[in-house]
Amino acid sequence: MNHSNGIALAVNFYRRQQNIPSLGWVLAVSGISGVLETLPILLSLPLIRTLFLNTEQVFLGSIQVEVAHYVLALLVLLLLRLFVGIYSQFLNASTRIQLLAHFRANSPQSERQRLKTVFGKSVQSINFLLVGWSQLLPGLLFSGAGIALFPEFGGIILGILLLWLVPMRVLKNRQDQAHEHASTLQSALDENESITIDWRDARYKAARLDSVNKNLREFIIVSTLIVALFLSHALGLSVSDNSLLIILMLLRGMQQLFTAYIMAQQVSALRGFLKEFAH
């Protein structure tokens with residue numbers, strides 16, 4: 001296993017713990033919850049259009065559904081999303097609580113004091129990991145479906161996003177270095193209080209990079225969408241009602257993929273703490 005990779009370290013940390021739900025189960029639940037988070041939003045759009053046009057049929061591509069039947073199915077889907085979402089969030093939280101309680105109840109006092117912060121941060125990485133996965137799975141699903149259904153527009157989107165990878169990669173490297181430096185200073189802080197100012201400045205730098213990274217999402221996604229729409233118009237690509245729904249599917253998928261990317265960065269920022277449990 002690559003012990004320099006934050007996600008690999010977080011997975012390894014989880015699997016080493018005992019008396020908690022299996023990682024496969026919590027990933028399955030959180031992934032399904034993420035899909036159900038977006039699906040009702042997308043499926044409500046044809047209904048809104050139908051009600052706005054005051055017609056009796058909801059059109060999903062070539063499929064026609066009675067409004068009453070469609071509303072009933074959408075309500076069932078919303079209830080399913082509610083129950084799965086509640087269970088998924090509780091499963092995530094209860095697992096982390098169980099880990100912390102087990103550590104405090106079963107660790108010697110000397111070890112508990114020494115590793116309290118390290119263990120707490122490692123447990124926090126589990127939350128970032130699960131939240132990221134709950135966005136990655138539907139992000140891939142809806143983005144992939146959008147590209148498959150409208151490949152010309154999807155190709156333009158992918159081309160623009162590839163250009164964004166260069167500055168995003170530079171930002172990621174700087175962010176990783178800043179968090180690595182802050183973690184190193186954090187470990188030495190108790191033994192050498194004279195580095196407090198250096199630790200503070202390192203944390204400030206890491207926090208600034210985190211702020212830039214987190215708030216780039218809407219700028220990158222919306223600007224990419226706008227440029228892609230202009231290019232598709234210039235190339236004469238038709239945008240029908242179904243194409244509009246597909247574009248919104250791509251937009252939502254990109255949002256979720258970017259959120260998953262941000263969560264991955266949060267896990268990466270805790271890599272220094274996770275390394276304590278790598279062996």
Between CD of E37 and CD1 of I32, what distance do you get to the nearest 0.5 Å? 14.0 Å
Assess whether side-chain hydrogen bond (donor to acceptor under 3.5 Å, both in side chains) is satisfied between Q17 and Q98, documenting all intermediate values. CA-CA 10 Å; Q17 310 307 312; Q98 188 173 351; over 6 Å; no
Between F258 and Y261, is the ring centre distance below 6.0 Å? yes
A side-chain contact here means heavy atoms from C-beta on lying under 4.5 Å apart; do L140 and L136 qualify? yes
Going by heavy atoms in the side chains, are L250 and I147 under 4.5 Å from each other? yes
Side chain to side chain contact (heavy atoms under 4.5 Å, CB included) evaluation trace for T38 with L141: CA-CA 11 Å; T38 293; L141 177 64; over 6 Å; no
In this structure, CG of L225 is separated from CG of L251 (nearest 0.5 Å) by 5.5 Å
Looking at every non-hydrogen atom in both residues, tell me the closest pair between W133 and L27 and how far apart they are. NE1-O, 2.7 Å
Reported OG-to-CD distance for the pair S125 and Q266, which is rounded to 0.5 angstrom: 11.0 Å
Which pair of non-hydrogen atoms, one from I7 and one from N5, has the smallest distance, and what is that distance? N-OD1, 3.0 Å
Is Q89 atom CD crowded by more than 12 heavy atoms from other residues, nucleotides or ligands, each under 6.0 Å away? no
Mark yes when over 12 heavy atoms from residues, nucleotides or ligands other than K205 sit less than 6.0 Å from its NZ; otherwise mark no. no
From OG (S143) to CD (Q255), nearest 0.5 Å: 10.0 Å
Mark yes when over 12 heavy atoms from residues, nucleotides or ligands other than R104 sit less than 6.0 Å from its CZ; otherwise mark no. no
Same hydrophobic cluster for V212 and F219, using side-chain heavy-atom links shorter than 4.5 Å among ILVMFWY? yes
In terms of heavy-atom contacts, M249 and A145 come closest through SD-CB, 3.7 Å
Side chain to side chain, L231 and V227, heavy atoms closer than 4.5 Å: yes
Evaluation steps, side-chain hydrogen bond (donor to acceptor under 3.5 Å, both in side chains), between R81 and S33: CA-CA 7 Å; R81 156 61 190 151; S33 177; 2.9 Å; yes
I want to check something: taking the side chain as every heavy atom from C-beta on, are V166 and R169 in contact at a cut-off of under 4.5 Å? no
Hydrophobic clusters here meaning ILVMFWY residues chained together by side-chain heavy-atom distances under 4.5 Å, can you tell me if V67 and L77 are in one? yes
According to a hydrophobic-cluster definition based on side-chain heavy atoms being under 4.5 Å apart (Ile, Leu, Val, Met, Phe, Trp, Tyr only), do I221 and W164 belong together? yes
Using side-chain hydrogen bond (donor to acceptor under 3.5 Å, both in side chains), reason through Q265 and N213 one step at a time and then give a plain yes or no. CA-CA 9 Å; Q265 297 310 299; N213 199 2; 4.5 Å; no
Using the side chain to side chain contact (heavy atoms under 4.5 Å, CB included) rule, take M263 and V267 through it: C-alpha gap first, then chi angles, then the decisive distance, then the call. CA-CA 6 Å; M263 290 299 103; V267 175; 5.7 Å; no
Could you grab the distance from atom NE2 of H102 to atom CD1 of I20, nearest 0.5 Å is fine? 9.5 Å
Could you go through L130 and I126, starting from their C-alpha distance and side-chain angles, then the distance that decides it, and tell me whether this counts as side chain to side chain contact (heavy atoms under 4.5 Å, CB included)? CA-CA 6 Å; L130 295 179; I126 298 303; 4.1 Å; yes
Could you pull out the closest heavy-atom pair between Q135 and T259, with the gap in Å? CG-CG2, 3.7 Å
Following the transitive rule for hydrophobic clusters with a side-chain heavy-atom cut-off under 4.5 Å over Ile, Leu, Val, Met, Phe, Trp and Tyr, establish whether I226 and L161 coincide in one cluster. no
Hey, is the main chain of I220 close enough, under 3.5 Å, to the side chain of T224 for a donor-acceptor pair? yes
Looking at S88 and G85, would you say the former's side chain and the latter's main chain have a donor-acceptor pair under 3.5 Å? no
Please say whether more than 12 non-hydrogen atoms of neighbouring residues, nucleotides or ligands are located less than 6.0 Å from CZ in R217. yes
Heavy-atom distance under 4.5 Å between the side chains of F103 and L99, does that happen here? no
Does atom CH2 of W25 have more than 12 heavy-atom neighbours, drawn from other residues, nucleotides or ligands, at distances under 6.0 Å? no
Within a strict 4.5 Å, meaning less than it, do heavy atoms of the E152 and L235 side chains meet? no
To the closest 0.5 Å, what do you measure between OG (S44) and CG (L39)? 10.0 Å
Do P46 and Y70 come within less than 4.5 Å of each other through their side chains, counting heavy atoms only? yes
Are the side chains of Y14 and L129 in contact, using a 4.5 Å heavy-atom criterion? no
Check L162, I157, L158, I156 against I160 for a side-chain contact (heavy atoms from CB on, under 4.5 Å) and give me the one that passes. I156
According to a 4.5 Å side-chain heavy-atom criterion applied to Ile, Leu, Val, Met, Phe, Trp and Tyr, with indirect links allowed, do V123 and F90 form part of one hydrophobic cluster? no
Ignoring hydrogens, what is the shortest heavy-atom contact between I246 and G146? Give both atom names and the distance. CG2-O, 3.4 Å
Crowding at CZ, R96 (>12 non-hydrogen neighbours, <6.0 Å): yes
Closest heavy-atom pair, F142 versus G253, reported as atoms and distance to 0.1 Å, is CB-CA, 4.2 Å
Evaluate the side chain to side chain contact (heavy atoms under 4.5 Å, CB included) criterion for residues L82 and L78: first the C-alpha distance (whole Å), next the side-chain angles of each, then the deciding distance (0.1 Å), finally the verdict. CA-CA 6 Å; L82 175 64; L78 285 170; over 6 Å; no
